[in-house]
Each structure stands twice: as structure tokens, then as C-alpha cells.
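Heavy atoms only: backbone and side chains are in, while hydrogens, waters and symmetry mates are out.
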There are 2 protein chains.
Amino acid sequence: MDAVFTALADPTRRRMIARLSRGSATIGELGRPFSITKPAVTKHIKLLERAGLVRRRKHGRIHRCTLETKPMQQAQDWIERYRKFWQQSLDGLARFLDETKPEGEDT
Amino acid sequence: MDAVFTALADPTRRRMIARLSRGSATIGELGRPFSITKPAVTKHIKLLERAGLVRRRKHGRIHRCTLETKPMQQAQDWIERYRKFWQQSLDGLARFLDETKPEGEDT
DNA sequence: TGAAAGGTTTACCATAAGGTAAACTATATA
DNA sequence: TATATAGTTTACCTTATGGTAAACCTTTCA
């Protein structure tokens with residue numbers, strides 16, 4: 001889970017994911033939109049693989065990448081679990097109590 | 001968005017968020033479950049604030065923290081957007097093509 | 001008026017990210 | 001058989017994380 005959120009924390013990798021969501025791509029295709037060198041692309045893909053978000057298949061000298069759905073699903077589940085909690089609590093009594101209990105706010 | 005996913009990438013911070021989803025808490029309360037020093041707790045909270053996930057109100061010497069829903073919602077929206085895309089594409093034709101087009105897989 | 005309690009700040013350390021240039025491996029092709 | 005192409009590896013740099021200890025500021029309270 002750490003690795004998944006770490007992978008999503010970089011804008012370049014998020015754009016790579018967006019690209020892959022529309023179909024598989026090679027390493028070169030994934031790196032082309034960005035003005036970064038090839039080793040940088042290699043590192044990003046490796047990080048995405050380490051998070052389980054991307055799978056690679058080698059065909060000759062070409063590496064074709066595809067997305068894996070499971071880790072992203074788990075990340076979404078984590079968020080969803082707690083989002084539900086606080087939406088029900090913060091919109092209701094808990095928020096009222098938190099806001100009104102202490103009177104002397106200085107910020 | 002970078003900051004939000006970065007904040008979620010650490011297990012200590014995720015547990016702090018889980019704690020906050022059940023109601024507001026002080027800095028001390030948030031750090032107590034972990035065997036880390038006070039400066040470490042301060043840093044985690046700061047990072048959560050920087051991501052907009054946590055809001056702090058000072059009452060005397062006590063700092064009371066609450067969750068903010070918006071950034072988490074945005075993070076979830078980002079995931080949801082692309083998850084939809086690839087679930088519809090990978091479960092269907094695109095995945096079929098990706099898997100079958102190149103014959104000589106060596107991995 | 002002290003001293004304790006809640007937090008922060010200031011160094012300081014180790015490791016991971018994100019980037020580069022240069023050299024390298026392996027496959028395809030003229 | 002050269003040479004170009006796709007991608008990786010190694011070595012290096014800078015900045016951000018995650019942690020500590022020690023000193024500090026504020027507020028509370030005996």
C-alpha cells in the first residue's frame with residue numbers, strides 16, 4: 001500500500017497511468033511526452049512495477065506495459081473506507097462538537 | 001495532489017487518518033499509539049496539513065486536529081476516473097489485443 | 001512563582017526520490 | 001556485418017522523508 005501511494009505521488013507517473021488507462025504502451029511511448037532522459041523513464045516504470053500497478057512483457061527489444069487493476073482498487077478501497085467514516089461524522093454531531101466545544105480559538 | 005498521495009504513502013500517517021476519521025484528536029493523542037518521538041509526530045502532522053488533509057485549531061497549549069474531506073475526495077476522484085477507463089478496456093477488447101498481438105513473450 | 005505538560009524548533013543522520021551523463025546489452029535491420 | 005534502436009546499468013548529484021536528541025516556547029496549575 002505504501003508503494004502504491006508513493007507511485008501515485010508523482011505527476012509524471014500519474015500521467016503515465018492515465019496514458020496506460022487508454023491501452024498498453026512501450027517504455028519509449030510512455031516517456032515521450034516528458035522532457036526527461038531514458039534512465040528517468042526506466043526508474044518511473046520500475047517504481048510503478050514495484051507497486052504492482054504496471055506489468056511488463058518483453059517482445060524482442062520492446063517492453064510493452066499494461067496496467068494492473070488490483071493495487072489501485074485497494075488504494076481506492078482504503079480511501080473509501082475512511083471517507084465514509086468522516087463524511088458521516090464530520091457532517092453530523094462530531095463536527096458540531098469539535099467546532100463548538102473549545103471557545104477560545106486563536107487561529 | 002502530489003502532497004495528498006505523498007501523505008497517504010506512510011503507514012503511520014494512514015493510521016493517524018484512520019484515528020481522525022473517528023473524531024478529532026490532539027497531537028499527543030495522535031502520536032501515542034506509535035513509538036516515535038514528539039518531533040516525528042509534529043512532522044507527520046505538518047505533512048498532513050500541507051496536503052490539506054488535516055486542520056489544526058489551537059486551544060491554549062493544546063492543538064486539536066480534524067480531517068478535511070476535500071483533498072481525499074479529489075484523490076479518490078483521480079483514481080476513480082482512470083480505474084473506470086482501464087476496467088472497461090482491460091476486461092474487454094484492449095486486453096485481448098494486448099495479450100494476443102505479440103506472440104513471442106519471453107517473460 | 002515554579003514546575004510540569006503540550007508542542008515546536010534546531011541541528012543532525014540515513015535512506016529514498018528524481019534527475020543526469022556515460023557506458024552497456026540486446027534486438028532489429030540496411 | 002555494421003549500425004541504429006529500445007532499454008538498462010552504473011555512478012553521481014540534489015532534495016525530500018523519517019527519524020533522533022537537545023533546547024526551546026507556552027500554557028496550565030499546585
Side-chain angles (χ1 to χ4, degrees), chain A residues 1-17 19-20 24-66 98 101-107, chain B residues 1-17 19-20 24-66 98 101-107:
Chain A
M1 190 65 76
D2 292 29
V4 177
F5 284 122
T6 298
L8 295 177
D10 182 86
T12 299
R13 285 191 296 266
R14 283 201 304 278
R15 283 187 56 193
M16 286 176 170
I17 289 177
R19 165 66 186 78
L20 286 173
S24 73
T26 68
I27 307 286
E29 287 164 359
L30 286 174
R32 209 168 329 275
F34 312 101
S35 50
I36 55 178
T37 58
K38 292 192 291 182
V41 178
T42 295
K43 283 191 184 182
H44 281 303
I45 311 283
K46 268 190 183 173
L47 215 146
L48 288 167
E49 278 186 297
R50 209 185 60 192
L53 286 164
V54 162
R55 192 171 151 195
R56 176 201 311 237
R57 298 175 183 82
K58 298 182 195 163
H59 311 110
R61 67 182 162 180
I62 282 175
H63 298 202
R64 183 149 293 267
C65 300
T66 54
D98 286 347
K101 215 183 319 181
E103 296 294 318
E105 302 192 9
D106 58 48
T107 308
Chain B
M1 189 65 73
D2 291 28
V4 176
F5 284 122
T6 298
L8 294 178
D10 181 85
T12 299
R13 285 191 296 267
R14 283 201 303 278
R15 283 188 56 193
M16 287 176 168
I17 289 176
R19 165 67 185 78
L20 286 172
S24 74
T26 67
I27 306 287
E29 287 164 359
L30 286 174
R32 208 166 332 273
F34 312 100
S35 51
I36 55 177
T37 58
K38 292 191 292 183
V41 177
T42 295
K43 282 191 184 179
H44 281 303
I45 311 282
K46 267 189 183 172
L47 215 146
L48 287 167
E49 279 186 297
R50 209 185 59 193
L53 286 164
V54 162
R55 191 172 153 195
R56 176 200 311 237
R57 298 172 182 84
K58 297 182 197 164
H59 311 109
R61 67 182 161 177
I62 281 174
H63 299 201
R64 183 149 292 268
C65 300
T66 53
D98 285 347
K101 216 184 316 181
E103 296 294 317
E105 302 193 9
D106 57 47
T107 307

Return the value, rounded to whole Å, for the distance between atom [atom1] of [X] and atom [atom2] of [N].
X	N	atom1	atom2	result
A/Leu8	C/dA17	CG	P	14 Å
A/Lys58	C/dA28	NZ	P	13 Å
A/Phe34	C/dG19	CZ	P	10 Å
B/His63	D/dC25	NE2	C1'	10 Å
A/Leu30	D/dA6	CG	P	14 Å
B/His59	C/dG7	NE2	C1'	15 Å
B/Asp2	D/dT17	CG	C1'	15 Å

Subject >> side-chain contact (heavy atoms from CB on, under 4.5 Å) partner of B/Val41, the single match among B/Met16, B/Glu29, B/Arg32 >> reply: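 The option that passes is B/Met16.
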Subject >> Minimum-distance nucleotide (side-chain atoms of B/Ile27 versus C/dA17, C/dG7, D/dT8) >> reply: C/dG7
Quick one: do the [X] and [Y] side chains pair a donor with an acceptor below 3.5 Å?
X	Y	answer
B/Arg50	B/Thr6	no
A/Thr66	A/Arg56	no
A/Ser24	A/Arg64	yes

Respond yes when some side-chain nitrogen or oxygen of [X] is under 4.0 Å from OP1 or OP2 of [N], and no when none is.
X	N	answer
B/Thr42	C/dG7	no
B/Arg13	D/dT17	no
A/Arg56	D/dG7	no

**OP:** Kindly say whether B/His44 contributes a backbone atom to a donor-acceptor pair with the side chain of B/Arg13 at under 3.5 angstrom?
**Re:**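 No; judged by distance alone, with no hydrogens or angles, the pair does not exist.
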**OP:** For the pair A/Arg19 (side chain) and A/Leu30 (backbone), establish whether a donor and an acceptor sit closer than 3.5 Å, ignoring hydrogens and angles.
**Re:**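 Judged by distance alone, no pair lies under 3.5 Å.
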Original post:
When you measure from every atom of DNA chain D, which of residues 44-52 of chain B have a heavy atom less than 4.0 Å away?
Top reply: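 Only B/His44, B/Leu47, B/Arg50 qualify.
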Subject >> Separation of A/His63 NE2 from A/Ile45 CD1 (nearest 0.5 Å) >> reply: 11.0 Å
Subject >> Nearest-0.5 Å distance that lies between atom CZ in A/Phe34 and atom CZ in A/Arg15 >> reply: 4.0 Å
Original post:
Looking only at N and O atoms, is any donor in the side chain of A/Arg61 or the base of D/dT5 less than 3.5 Å from an acceptor on the other one?
Top reply: yes
**OP:** May I ask you to decide whether A/Arg55 forms a salt bridge with A/Glu49, counting only side-chain N to carboxylate O separations under 4.0 Å?
**Re:**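 Looking at A/Arg55 and A/Glu49, the cut-off is not met.
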Protein-nucleotides 20-24 of chain D N/O pairs closer than 3.5 Å?
from   : atom 1 : to      : atom 2 : distance (Å)
D/dT20 : OP2    : B/Thr37 : N      : 2.8
D/dT20 : OP2    : B/Thr37 : OG1    : 2.6

